[in-house]
Every structure is written in C-alpha cells, then in structure tokens.
Amino acid sequence: MPELPEVETIRRDLEKKILNKKIVQAQVLDKKVASGQELAGVLKNNSFVRLERRGKLLAFALKSGQYLLVHLKMTGQLVYKLKIKYQKSKMIYGGHQISSSDLLVPNKFTRVIFTFSDGSQLFFNDLRRFGYMKIVTKAEKEKIWEKDFGIEPLTKEFKFEKFKELFAKRQVKIKAFLLNQKIVAGIGNIYADEICFCARILPWRKVSGLKKEEIKKLFLCSNSVLKRALKNRGTTFKDFVDGVGKSGKHLNFLNVYGRTGEKCRRCGKIIKKTKHAGRGTHYCPGCQK
DNA sequence: GTGTTTGTTATCAA
DNA sequence: CTTGATAACAAACA
C-alpha cells in the first residue's frame with residue numbers, strides 16, 4: 001500500500017532517472033489502467049521535465065505542458081530499468097522477484113511500458129489494477145492539487161495552527177480523520193495506525209473529544225512517523241518497491257500495523273486488531289488511551 | 001467457497 | 001448544502 005513515504009521514495013528515485021529523456025514509445029497493455037491512444041499520442045517524442053507529488057498522487061510534468069497523473073492505489077509499482085537483455089524468456093515471465101530486493105520486469109502484472117531513447121524503460125505494474133495513468137492539462141492538474149487534497153505533511157504549510165483548526169466541529173473518529181485525503185494528504189492505513197500509536201491515542205476516539213495536547217501529539221507524530229518511514233524508503237508488506245524495484249526497509253520499524261498478537265515494544269501488552277472506518281485497525285490496549 | 005486485504009469514490013442517510 | 005457511514009471495485013491468498 002503505497003502511502004506518502006512510499007510514493008515520495010519513488011518520486012525521488014525516478015527524478016534521478018527519467019528527467020529530460022526522450023520517450024520513444026508508450027505501450028498500454030491493459031486498457032483498464034490507461035488509454036493507449038491517449039498515452040501514445042501525447043507521450044511519443046515528449047519528455048518528463050519535473051516530477052511532482054501531492055499526497056499519494058504523482059504528476060509527471062511533460063515538456064509539452066501537460067501532466068501525466070499516476071496513482072498506484074494498492075498494488076501499483078513504477079520500476080525503472082536500464083536496457084533489458086532478453087536471455088531466457090522463461091525467467092522473465094516465471095516469477096516477479098529475482099531476489100528479495102529486486103524485481104523482474106516485465107511480468108504478468110505489467111500494464112504500461114515507457115521506452116526512452118537510450119533503451120531504458122519505465123514499467124507500471126499493478127496486480128489488482130486499481131491504479132491508473134492519465135493525461136491532464138496544467139489547469140486540470142492544478143485544480144486537483146488544490147481541491148482534492150488537504151494540508152501536505154513534510155512541507156512548510158504543515159503547521160500546528162493549521163492542523164488544529166481542522167479538528168473543529170468534526171464528529172469523525174481519528175482513524176477516519178487521518179485517512180481523509182482532503183484533510184491531511186498522504187496518510188493511509190499503515191501510518192494512520194502508527195501515528196495513533198506514537199501519540200498514545202486510541203484510533204476510534206472522536207476528534208471532537210481531543211484535548212489540545214493530544215492534537216499536538218497527533219501533529220508531531222504525523223510528522224515523525226512519516227519522516228522516519230521516508231528515511232527508511234517506505235514499508236514493503238508485499239507489493240511495494242521503489243523506483244528501481246527494491247523493497248523498502250521500514251517494515252521492522254512498525255509498532256502496531258501487522259503486529260497483531262505480538263508484544264508492544266513500549267509496554268509489553270499484546271497488540272490487538274479491530275475494525276474502524278472500514279479498515280483493519282491495530283493498537284496497543286496497554287499504552288494507547 | 002469464504003473471508004480478508006486497502007485507496008478511493010459513489011451512494012445513501014441524516 | 002454538509003457530514004458521516006458504508007459498499008463497491010480488483011485479485012490473491014489463507
């Protein structure tokens with residue numbers, strides 16, 4: 001599940017690889033995730049000049065002025081590879097992973113392939129086909145940037161004064177609050193649980209009932225949890241890989257997500273799992289209040 | 001065959 | 001109008 005740290009890891013990786021390279025071909029292998037006609041038409045002989053991100057959404061600025069929007073949703077991957085030599089087709093189509101940290105592409109989940117003039121390629125893989133690629137105008141992209149997303153963590157605009165105001169007259173559970181992209185951009189199920197653990201607050205409490213100090217803790221934890229995960233290049237549960245096909249290193253630093261039945265590292269109680277806001281919700285019954 | 005996994009949105013209710 | 005809750009989507013795995 002790529003969330004802000006994972007998507008930002010990919011953005012930074014690809015920024016070093018694909019900028020200003022001439023795109024010679026855009027192949028769409030699955031109509032559900034993108035329009036072949038649209039992508040081929042706009043991208044051929046074009047190039048990416050800048051890679052932007054808002055929450056979990058990527059926008060690749062094109063030399064021609066438009067943008068390629070990319071959303072990875074749950075199982076999307078963007079993997080860049082230098083020119084591939086095809087030796088044994090069996091190996092390529094056999095499985096996805098060569099080793100625990102490298103990914104073989106193309107594979108059966110490859111939905112779109114971009115080829116650059118130097119022979120290198122960018123693969124868009126998506127097992128569940130929830131993700132998409134789409135061309136939009138600059139105006140459309142700017143409207144999405146402004147209207148579809150709330151404050152952006154890890155930027156100057158992410159200030160406590162601003163964060164605090166969002167809590168006013170809301171009745172939702174903290175979990176739903178943190179998952180709402182229109183409030184705070186980029187938080188998904190893993191980091192929502194981790195942020196609540198960090199703040200020692202139970203995820204199903206209503207935001208209206210929080211004290212100022214608790215809101216402050218949620219604010220500080222949103223920052224620290226996301227920053228630390230980004231530093232570790234994201235969490236790989238099953239599908240996430242960075243821009244060159246390698247796994248993230250943050251999995252073993254998670255405190256509650258995926259640790260049901262294990263001991264809390266802070267107080268020793270057993271981590272529990274329940275459901276809130278329609279999502280699996282992990283927490284420590286000992287030190288979260 | 002059933003239940004579970006999640007990012008986002010459509011839909012419905014209040 | 002807004003807010004909140006829920007189902008639905010897709011595919012794999014236990």
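By convention in this document, chain letters (A, B, ...) are assigned in the order of the sequence lines, proteins followed by strands, and residues within each chain are numbered from 1. Nothing here was measured: the structure is a model prediction, and the numbers come from that model.
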Next on the checklist: Less than 4.0 angstrom between a side-chain N/O of Lys56(A) and OP1 or OP2 of dT8(B), yes or no?
Outcome noted: yes
Checklist entry - With a 3.5 Å cut-off and just heavy-atom distances, do the side chain of Arg128(A) and the base of dT5(B) make a donor-acceptor pair? => result yes
Checklist entry - Of the nucleotides dA12(C), dT8(B), dT5(B), which one has an atom closest to the side chain of Lys275(A)? => result dT5(B)
Item to check | Salt-bridge contact Lys162(A)-Glu165(A) (side-chain N to carboxylate O under 4.0 Å) | outcome: no
Next on the checklist: What's Tyr132(A) touching, base or sugar-phosphate or nothing? Going by heavy atoms closer than 4.0 Å.
Outcome noted: nothing
Item to check | Closest to the Val172(A) side chain, choosing from dG4(C), dT8(B), dA12(C) | outcome: dG4(C)
Item to check | Arg279(A) (side chain) and dT8(B) (base): donor-acceptor pair under 3.5 Å | outcome: yes
Checklist entry - Which nucleotide, dT5(B), dT8(B), dA10(C), lies nearest any side-chain atom of Gln181(A)? => result dT8(B)
Checklist entry - Taking the side chain of Gln171(A) as its heavy atoms from C-beta onward, which of dG4(C), dT8(B), dT5(B) lies nearest to it? => result dG4(C)
Checklist entry - Checking all strands, does Gly131(A) fall into the base, sugar-phosphate, or nothing category for heavy-atom contacts under 4.0 angstrom? => result nothing
Item to check | Any donor-acceptor N/O pair under 3.5 Å between dG4(C) base and Arg170(A) side chain | outcome: no
Item to check | Qualifying residue for side chain to side chain contact (heavy atoms under 4.5 Å, CB included) with Ile195(A), from Ser224(A), Cys221(A), Pro203(A) | outcome: Cys221(A)
